[in-house]
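Note that the structure is predicted; figures quoted are calculated from it, not measured.
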Amino acid sequence: MNNKQAVQPAVVRKIENHMAAKGIKRSELKEALGWSYERFRKRMECKIPFDVDELWIIASVLRTSPLDLMPDDATEVHEVAA
């Protein structure tokens, strides 16, 4: 797994952490985003990476910064890649 592939699981983990902290379920986030089930599922299962615009929208729904959805540092990405 290369670093680009390893970033996606770290981003999903961050999104899920923010969702849990705010008591938001996956179905609620999907609905708030106005996405189809498939679009949401493929991104949350790391089959398709989020693009920058999508992360801005998710951050807005979660009332956080897009930067808060990024891995904290390279160590977090390397842990996933290992």
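Glu45 pairs by the side-chain hydrogen bond (donor to acceptor under 3.5 Å, both in side chains) definition with Arg41, not counting sequence neighbours. For Ile48, the side chain to side chain contact (heavy atoms under 4.5 Å, CB included) test picks out Lys42, Arg43, with sequence neighbours left out. Annotation: side-chain hydrogen bond (donor to acceptor under 3.5 Å, both in side chains) contacts of Thr64 (sequence neighbours excluded): Asp68. Residues satisfying the side-chain hydrogen bond (donor to acceptor under 3.5 Å, both in side chains) criterion with Asn17, sequence neighbours excluded, are absent altogether. Every residue two or more places apart in sequence or in another chain that forms a side-chain hydrogen bond (donor to acceptor under 3.5 Å, both in side chains) with Arg26 is listed here: Glu16. Judged as a salt bridge (charged side-chain N to carboxylate O under 4.0 Å, His left out), and not counting sequence neighbours, the contacts of Arg39 are Glu54. Evaluation of the side chain to side chain contact (heavy atoms under 4.5 Å, CB included) rule for Ser60 yields no partner, not counting sequence neighbours.
Side-chain contact between Phe50 and Ile15 is present, with at least one heavy-atom pair separated by less than 4.5 Å.
Once rounded to the nearest 0.5 Å, the distance linking CD of Gln8 with CE of Met44 reads 9.0 Å. Interatomic distance, Ile57 CD1 to Leu62 CG, rounded to the nearest 0.5 Å: 12.0 Å.
Residue Trp56 shares its hydrophobic cluster (ILVMFWY side chains chained together at separations under 4.5 Å) with Val52.
When all heavy atoms of Ala59 and Pro66 are compared, the pair lying nearest together is CB-N, 3.5 Å.
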